[in-house]
> 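Take this structure first; my questions come after.
Quick note on labels: first sequence line is chain A, next is B, and so on, each numbered from 1.
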Protein chains: 2
Amino acid sequence: MGDYNIATYARRRRPLDPISVSIIEDDHDIRASLSLIIDGAEGFECISNYGDAETALQDISQDMPDVILMDIELPGMSGIDCVRQMKKQMPECDILMLTVHDHDKIVFESLCAGACGYLTKNTRPRHILNAIREVRSGGAPMSTNIARMVVNSFKTRHSVGLSDREREVLSQLCTGKSYKMIADTLFISSDTVRSHIKNIYKKLEVSSNAEAVARALKEKLV
Amino acid sequence: MGDYNIATYARRRRPLDPISVSIIEDDHDIRASLSLIIDGAEGFECISNYGDAETALQDISQDMPDVILMDIELPGMSGIDCVRQMKKQMPECDILMLTVHDHDKIVFESLCAGACGYLTKNTRPRHILNAIREVRSGGAPMSTNIARMVVNSFKTRHSVGLSDREREVLSQLCTGKSYKMIADTLFISSDTVRSHIKNIYKKLEVSSNAEAVARALKEKLV
DNA sequence: TGAAAAATCACCCGTTCGGGTCATATCGCC
DNA sequence: GGCGATATGACCCGAACGGGTGATTTTTCA
């Protein structure tokens, strides 16, 4: 803990130090070329690399890198679980996923675990270096298609054919209010609220309060 | 509708056409310089610009731009509401927010409304042109700090001191299961589930199913 | 104009939920 | 060894909820 603070302090005091990078990637060739790319560039330093998550988790706190490049498909523990652990050990460290996967689930899980950026493996060397610089200066570098995926995930979907009033009631429900409280807020009787909610349940194909709230929030219906 | 499809078809067939851009921005000077920047660049064309949302909404369907640059602070209807309307009229059109605001709420509201990217106004002219190109090729250009803000919003927070078992029960609750169903899933009695849930309520400071689910999902506790 | 959809309200009935209280077993930690 | 936190379980009670049925009014749209 003491060491940790000193390291952080040193990094802040000497911003012209090279950015130190660790690589976690099971393919030896890719690991070697990433290493070369980073060490060969002005202002970057590859201080360690690992072929699996377990070894990395054990040893990386000695390295204290500024940035980690993380593959997802590793033997044993996945790169995503590894991110979760790493972030507990070193919350100040920026982790960039560098992987072939570009499916929603994997991308979002990585970001939830604490990754600060997400590059697909076809990214050119100079773009990788740019991304490392960018993440270190407070950004979140992503491949273009990943960025769009991330931004699209915010879009409110109105897929289910709820009426305006029903959406209004549902959004009240999502604040955790009781029928009575919703009724008071919308200036209608609580029987009317019940009536709306029964219709909402039918349209959402659910049968309880919690289920409706869960669907509404997960699918961004409100 | 017919016109709309023809326009789309034409755009897809002739990718070398300049990218057509409309600007919605109330400051005349900024509007004029953006116009100049875009028209002065190879491969771009500024086909229209508006000083307020209402006029834009009325007339822009004639312009059918590929990309819209949208300010947020407009006289009358806000840029965010304008995005919502525009997206209904022209779902294929990419909208980039170009504004001074960089507060969470405004940024996320913009993206929920359907914006495909978000640039802060200190963005350099050539970066604006890059962003337009990027959004047109399926990306989601954002200023670096905005990107980090967006990515951070995914992070699972474990701020509230729930025990592992409590988190497990809560995550079941968030799927909309009844106490009985959770009990069966976790192989415990439903009275135990109730007991856990009562403790969860205390820790989350809530007093109902819906409220707990809402907090858990909104604050990403599970 | 006239049918369909949406919004409003009411009542019944059985089930689930929320709050309270209490008890036991286990685990980690000082 | 004992204290606190956690996990497990039970019982009671009243309030809230879910499902069904039915009715009136307003809005919408063809």
> From CG of B:Leu162 over to C1' of D:dT6, roughly how many Å is that when rounded to an integer?
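Rounded to whole Å, this separation is 13 Å.
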> At less than 4.0 Å, is any side-chain N or O atom of B:His196 found next to OP1 or OP2 of D:dT6? Yes or no.
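For D:dT6, neither OP1 nor OP2 has a side-chain N or O of B:His196 closer than 4.0 Å.
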> Should the pair B:Phe108 and A:Phe154 be assigned to parallel (<30°), tilted (30 to 60°) or perpendicular (>60°) ring geometry?
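Answer is parallel, since the angle falls under 30°.
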> Between D:dA10, D:dC17, C:dC9, which one does the side chain of A:Ser189 approach most closely?
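Output: C:dC9.
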> Does A:Ser163 place a side-chain N or O at less than 4.0 Å from the phosphate oxygens OP1/OP2 of C:dA7?
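Checking A:Ser163 against C:dA7: at least one side-chain N or O falls below 4.0 Å of OP1 or OP2.
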> With no hydrogens and no angle check, just 3.5 Å: does a side-chain donor-acceptor pair link B:Lys121 and B:Thr99?
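On atom types as modelled, these side chains do not qualify, holding no pair under 3.5 Å.
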> Whole-Å distance between C:dA6 C1' and A:Leu186 CG?
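Going from CG in A:Leu186 over to C1' in C:dA6 covers 15 Å.
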> Show your reasoning for whether salt bridge (Lys or Arg N to Asp or Glu O under 4.0 Å) applies to A:Arg31 and A:Asp27.
CA-CA 6 Å; A:Arg31 209 162 68 224; A:Asp27 183 303; over 6 Å; no
> Is the shortest side-chain N/O distance from B:Thr192 to OP1 or OP2 of D:dT8 below 4.0 Å?
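Result: no.
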> When the distance from NZ of A:Lys202 to P of C:dA6 is rounded to whole Å, what number comes out?
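A:Lys202 atom NZ is separated from C:dA6 atom P by 13 Å.
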> CG of A:Leu170 versus P of C:dA6: gap in Å, rounded?
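To the nearest whole Å, that distance equals 15 Å.
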> Could you give the CZ-to-P distance, from A:Arg167 to C:dA5, as a whole number of Å?
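A:Arg167 atom CZ is separated from C:dA5 atom P by 17 Å.
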> Have a look at B:Lys198 and say if it touches a base, only the backbone sugar-phosphate, or nothing, with a 4.0 Å heavy-atom cut-off.
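Base contact.
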> Base, sugar-phosphate alone, or nothing: which one does A:Asn199 contact when heavy atoms must sit under 4.0 Å apart?
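It contacts nothing in the nucleic acid.
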> Hey, does the side-chain of B:Arg194 have a donor or acceptor N/O within less than 3.5 Å of a partner on the base of C:dG20?
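Answer is no: no donor-acceptor pair is held.
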> Whole Å only: how far is the CD1 atom of B:Ile182 from the P atom of D:dA7?
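Answer to the nearest Å: 15 Å.
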> Could you please name the option among D:dG9, D:dT6, C:dG20 that lies closest to any side-chain atom of B:Lys203?
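Given the options D:dG9, D:dT6, C:dG20, the side chain of B:Lys203 is closest to D:dT6.
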> Charged N to carboxylate O below 4.0 Å: is that the case for B:Arg215 and B:Glu211?
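Looking at B:Glu211 together with B:Arg215, the answer is no, because their closest N to O distance does not fall below 4.0 Å.
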> Between C:dG19, C:dC9, D:dT6, which nucleotide has the shortest distance from any of its atoms to the side chain of A:Asp191?
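That would be C:dC9.
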> Base, sugar-phosphate or nothing for A:Ser195? Non-hydrogen atoms, less than 4.0 Å.
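Result for A:Ser195 = base.
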> Quick one: on DNA chain D, does A:Ala210 or B:Glu166 contact a more 5' nucleotide (nearest heavy atom)?
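This one resolves to B:Glu166.
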> Starting at CD1 of A:Ile197 and ending at P of C:dT8, how long is that distance when rounded to a whole Å?
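Value for this atom pair: 13 Å.
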> For C:dT8 and A:Arg165 - does any side-chain N or O of the residue sit under 4.0 Å from the phosphate oxygens OP1/OP2?
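Checking C:dT8 against A:Arg165, a side-chain N or O does come within under 4.0 Å of OP1 or OP2.
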> Is it the case that the side chains of B:Tyr50 and B:Asp71 hold a donor-acceptor pair, with the cut-off being a distance below 3.5 Å and no angle test?
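No pair is found: no donor N or O on one side chain lies under 3.5 Å from an acceptor on the other.
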> Between C:dT16 atom C1' and A:Glu211 atom CD, what is the distance in whole Å?
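Whole-Å distance recorded here is 14 Å.
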> Distance only, no hydrogens: is a donor on one side chain within 3.5 Å (strictly under) of an acceptor on the other, for A:Asp102 and A:Thr120?
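No donor-acceptor contact under 3.5 Å links the two side chains.
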> For the side chain of A:Ile188, starting at C-beta, report the closest nucleotide among C:dC9, D:dC17, D:dA7.
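Minimum distance to the A:Ile188 side chain belongs to C:dC9.
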